[in-house]
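The shown structure was predicted, so the numbers you read here are calculated from the model rather than taken from an experiment.
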Amino acid sequence: MDAAGVGLVSATAAVVGAALGAAGAIAAAVTLARSENRESRRQARREAYLAFLDAAEDATQELAHVTRLLALGRSNYPAIHEQVSGVPRALRRHVSVVLIEGPEEAAQAAQRFSTAVRAWQAVLSEHQHMEDTEWAWSADLAATAASEALAEFRGTARAALHGPDRSS
């Protein structure tokens with residue numbers, strides 16, 4: 001092979017090598033971008049779930065406190081009704097953020113908790129119109145449903161954060 005042939009082979013090898021190097025760099029950049037996107041989504045979900053859990057704990061504590069006051073007969077009903085009526089409103093925004101961040105399982109679990117809180121609120125609102133034993137049973141049932149729904153959300157959120165990301 002003469003010098004021109006060697007030069008052509010060398011130039012071709014250089015072009016092919018550069019193309020392969022560029023393709024490798026592009027693939028690495030795409031992989032890095034996907035990884036950063038997954039981590040960004042995971043962080044956004046984590047923040048949404050933590051905010052929801054904080055609001056859910058506040059709601060649960062507030063409703064449990066009101067339930068105890070009503071069970072003990074120490075109630076200023078209009079003040080308690082006002083206090084209880086704000087609990088679902090405080091949760092609404094956090095449920096909405098979980099709905100946006102997903103995945104669907106977490107959104108459904110957050111909605112189930114919110115529904116359970118509204119049911120508990122409704123039982124508390126009916127305190128004046130129910131027999132004490134019926135009311136106590138209903139309040140206990142509502143509190144248990146909310147507690148179970150919150151536990152379900154925690155498990156779903158944990159799976160969404162640490163399991164495979166199915167929404168990519």
So, the side chain of R42 versus the backbone of L161: is there a donor-acceptor pair under 3.5 Å, distance only? yes
Can you find a side-chain donor-acceptor pair between W120 and T67 that sits under 3.5 Å? yes
Check the side chains of Q43 and E47 for a donor-acceptor pair under 3.5 angstrom, ignoring hydrogens and angles. yes
So if you build clusters from Ile, Leu, Val, Met, Phe, Trp, Tyr with side-chain heavy-atom gaps below 4.5 Å, do V95 and L53 land together? yes
Contacts of T144 that satisfy side-chain contact (heavy atoms from CB on, under 4.5 Å) - sequence neighbours left out: D140, E148
Under the side chain to side chain contact (heavy atoms under 4.5 Å, CB included) test against Y49, which residue among D54, T156, V98 passes? V98
Measure the CD-CD distance between E126 and Q121 for me, rounded to the nearest 0.5 Å. 11.0 Å
OG (S147) and CD (E152) are apart, to the nearest 0.5 Å, by 12.0 Å
Interatomic distance, NE2@H65 vs CG@L70, rounded to 0.5 Å, equals 9.5 Å
CD/Q111 to OG/S96 distance, rounded to the nearest 0.5 angstrom? 9.0 Å
So which heavy atom on E101 is nearest to which on R45, and how close? O-NE, 2.8 Å
Any chance you could lay out the side-chain hydrogen bond (donor to acceptor under 3.5 Å, both in side chains) test for T115 and R118, step after step, and finish with the verdict? CA-CA 5 Å; T115 300; R118 285 192 305 276; 3.2 Å; yes
Does the pair L150 and E57 meet the rule for a side-chain contact (heavy atoms from CB on, under 4.5 Å), with working shown? CA-CA 9 Å; L150 187 55; E57 289 293 334; 3.5 Å; yes
Counting only heavy atoms not in D58, do more than 12 fall under 6.0 Å of its CG? yes
Sequence neighbours left out, what passes ring-ring contact (aromatic ring centres under 6.0 Å, His included) with F52? Give chain and number order. F113, F153
